[in-house]
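These notes are about the structure you will find just below.
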Amino acid sequence: MHSIGRASAMIAAGTLVSRVTGLLRATVLVLAIGSIGHASDAFAIANQLPNYIFQVISAGVLTAVIVPQVVKWSGHEDGGQAYISKFFTLAAVILLGVTALAMLCAPLLVTAFSARFIPEQHALATAFALWCLPQILFYGMFALLGETLNARRVFGPYAWAPIANNVVSIAGFLLFMALFGSNRNEVEYWDATMIAVLGGLTTLGIVSQTALLLFFWRRTGLRVRLDFGWRGMGLGEIRNLAGWTVAMLLVGLVVSGVQQNVISGASGQNAATAAWYNAWLIFMLPYSIIVMSIGTPYFTQLSEHASAGRDSEVRADIGRAVRTLGLLVVIAATAVIVAAVPAARIIANSPGQAVALAPVLIGFLVGLVPLAVQFVVQRAFYAYGDTRTPFFFTVFQAAIAIGLALLMPLFVPQELLAASVAAAQSLSSLAQVILASWLLHRRLGSLGMAGNLWALARFTLAAVPAGAAGWGVYLLSGAEAGWMTAGMFQGAVGVCVVGAVALLVYVAILAIFRAPELRAAFGLVRRLVGR
């Protein structure tokens, strides 16, 4: 547990700085090209195309394959060096091929995710995509290096490296504004030079974060070299593991494509593509700081216990992770929901735009707790080398998300289209985690989920008056006409004030009722801060 706490502290600190600078990066980008408009939506979809692949590579293929396999290979006489060299060479070849193919298919990819863009907007998005799609190679190598570092218990660099991307991008966006001005949110404002500067500098940020990980590689004790001798390295096992996650990639891309096509019809005057991704960025702040920083070291430990066949310890790891994450994510979701308008003001150019963006953020936040539990449950399957079962419960979630997204335009006005699709995504995540937990129970036996659910219910009950207190502070500030929406900085301060009040009330209620998880959480926080 000492090593878990130490690793969590390192990851939490890096993730916090990374996410905060990432939010600052998004704020500067909003100043440059806006958050609502044809041009901002065109850039958003182009810059997100490589991210879609990275998210699955990072959370699916590499997390499912690399961590368990490196843990297994590390038991070899050479510490796994030969096998890791072969795998790195194979991965680099595949990434180069995927990147080249994506660039050739750039117009088709843009169409797949934004069929309802106007023609001029589609052309602009395609031009941006040609500059952004090379990020696939560097995102993939970043994930490959980072997951290997994690598997070798070098936890910090993977969390800290994205800061380099944010710093380079912020500098690039400031340079863009110095050269071309700000708020370039319409298509007619753009020419080839402007597209090259913004797209090229954005990709340069991804290159920088990948390069930074190389400075920490020596801590793994591995010397990787090019090795095309892939026969005998267990490609059959790796193919079986990765095959299902590639299928998950395709399912995820279909879901994202449907969702983005639905909301692209609202682009122009309403919250749409750029608003969706900016709201997602704020949503990911508590998710990454809490879930990723605490959950990632648990996954490495869980993989070790699963590899040794110690199922009882795996079940204990799952229970501790769910309760620890639940205590923190429940109040985080509640606090940001009641402060949604000030939070949205951080990524909006006016109070009116913040009001338009806030429902999108709330739609995502409803799913924060299910996603935290899903993180633990899915990685339990990965620890046992099972990527087949996660594929099936992902298909279940995808079917719900797609069906709900397609229904939204029939019942929801355009100004709430993005928000309704975000809420549908959260609802599908809840259904997914219920099915996934049941399937894991069938595999491992009793997970103590009844106790975990009771703990989550108690946290939620405590969060209701805490959220009411935070909402009261927001109303006293003048609500959407008050100081919390006067500017981007004021919005950030407003979120901190509302969140602090909600947190104090939440902790007080749990302390009064002597919630057993509170003491453990305090100990964890003290260790995190102390380290």
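For this chain, numbers begin at 1 and follow the sequence in order.
In this structure, Gln490 and Val493 have side chains that are not in contact, with every pair of non-hydrogen atoms separated by 4.5 Å or more. Within the 4.5 Å cutoff, the side chain of Phe113 has heavy atoms near those of the Leu253 side chain. Counting only heavy atoms from C-beta outward, the side chains of Pro409 and Leu417 approach each other to under 4.5 Å. By the 4.5 Å heavy-atom criterion applied to side chains, Leu357 and Asn278 are not counted as neighbours. Looking only at side-chain heavy atoms (C-beta outward), Phe215 and Pro157 stay at 4.5 Å or farther from each other. A 4.5 Å side-chain heavy-atom check between Asp191 and Met194 finds at least one atom pair inside the cut-off. Side-chain contact between Leu325 and Val373 is absent, with no heavy atoms from C-beta onward closer than 4.5 Å. Residues Gln209 and Val168 are not in side-chain contact: their nearest non-hydrogen atoms beyond the backbone lie 4.5 Å or more apart.
Rounded to the nearest 0.5 angstrom, Gln259 CD and Trp276 CH2 are separated by 4.0 Å. Distance OG/Ser420 to CD/Gln425: 12.0 Å, rounded to 0.5 Å. A distance of 6.0 Å separates CG of Asn349 from CG of Leu31, quoted to the nearest 0.5 Å. The CG atom of Leu137 sits 11.0 Å away from atom OG1 of Thr203, with the distance rounded to the nearest 0.5 Å. If you take CG on Leu371 and CG on Leu430, they are separated by 10.0 Å, rounding to the nearest 0.5 Å. Interatomic distance, CD1 of Ile337 versus CG of Leu368, reported as 8.5 Å (0.5 Å rounding).
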Show me the side-chain donor-acceptor pairs of residues 16-30 shorter than 3.5 Å, one per line, residues at least two apart or across chains.
from  : atom 1 : to     : atom 2 : distance (Å)
Arg19 : NE     : Ser288 : OG     : 2.9
Arg19 : NH2    : Ser288 : OG     : 2.9
Thr21 : OG1    : Val17  : O      : 2.8
Thr21 : OG1    : Ser18  : O      : 2.9
Thr21 : OG1    : Asn166 : ND2    : 2.8
Arg25 : NE     : Ser169 : OG     : 3.2
Thr27 : OG1    : Leu23  : O      : 2.9
Thr27 : OG1    : Ile346 : O      : 3.0

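Taking all atoms of both residues into account, the shortest heavy-atom contact from Val336 to Ala343 is CG1-CB, 4.5 Å. Minimum interatomic distance between Ala279 and Val360 (heavy atoms only, all atoms of both residues): CB-CG1, 3.8 Å. Residues Gly268 and His38 approach most closely at CA-NE2, 3.8 Å, considering heavy atoms. The two atoms that bring Ala44 and Ala274 nearest to each other are CB-CA, 3.7 Å, heavy atoms only. Closest of all the heavy-atom pairs between Thr485 and Pro351 is O-CG, 3.3 Å. Minimum heavy-atom separation, Ala129 to Leu49: CB-CD1, 4.2 Å.
Under a 3.5 Å cut-off, the side chain of Ser208 and the backbone N or O of Gly205 do form a donor-acceptor pair. Using modelled atom types, no side-chain atom of Ser267 and backbone atom of Ser264 make a donor-acceptor pair closer than 3.5 Å. At distances below 3.5 Å, not a single donor-acceptor pair connects side-chain atoms of Thr273 with backbone N or O atoms of Asp41. Remark: side-chain polar atoms of Asn261 are paired, donor with acceptor, to backbone N or O of Ala115 under 3.5 angstrom. With hydrogens and angles disregarded, no donor-acceptor distance shorter than 3.5 Å links the side chain of Arg116 to the backbone of Ile263. Gln414 places a side-chain N or O within 3.5 Å of a backbone atom of Gly265 that can act as its donor or acceptor partner. Under a 3.5 Å cut-off, the side chain of Ser35 and the backbone N or O of Ala348 do not form any donor-acceptor pair. No donor-acceptor pair closer than 3.5 Å links the side chain of Asn270 to the backbone N or O of Leu416. Gln121 places no side-chain N or O within 3.5 Å of a backbone atom of Phe117 that could act as its donor or acceptor partner.
In the displayed structure, Gln269 atom CD is contacted under 6.0 Å by at most 12 heavy atoms of other residues, nucleotides or ligands. With a 6.0 Å radius and a threshold of 12 heavy atoms from other residues, nucleotides or ligands, Glu480 has its CD atom at or below the threshold.
Between Tyr287 and Phe283, the ring-plane angle classifies as parallel under the 30° and 60° cut-offs.
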Practice task
Could you walk me through whether Phe180 and Leu198 pass side-chain contact (heavy atoms from CB on, under 4.5 Å), step by step?
Solution key: CA-CA 10 Å; Phe180 307 109; Leu198 185 63; over 6 Å; no
Practice task
Let me see the working for Ile400 and Gln432 under side-chain contact (heavy atoms from CB on, under 4.5 Å), right down to the final yes or no.
Solution key: CA-CA 9 Å; Ile400 297 174; Gln432 180 187 31; over 6 Å; no
Exercise for the section: In sequence, state the C-alpha distance, the side-chain angles, and the governing distance for Phe173 and Leu201, and then conclude on side-chain contact (heavy atoms from CB on, under 4.5 Å). Expected result: CA-CA 8 Å; Phe173 299 156; Leu201 289 172; 5.7 Å; no
Handout entry: ring-ring contact (aromatic ring centres under 6.0 Å, His included) evaluation trace for Trp190 with Phe128
Key = CA-CA 11 Å; Trp190 291 84; Phe128 277 131; 5.2 Å; yes
Practice task
Evaluate side-chain contact (heavy atoms from CB on, under 4.5 Å) for Leu95 paired with Met141, printing each intermediate quantity in order.
Solution key: CA-CA 8 Å; Leu95 286 167; Met141 294 307 300; 3.6 Å; yes
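Side chains of Ser429 and Gln374: no donor on one and acceptor on the other come within 3.5 Å. Looking at Gln397 and Ser428, their side chains do bring a donor and an acceptor atom within 3.5 Å of each other. Counting only N and O atoms by type, the side chains of Ser114 and His122 include no donor and acceptor under 3.5 Å apart.
Aromatic pair Tyr474/Trp471: centroids less than 6.0 angstrom apart.
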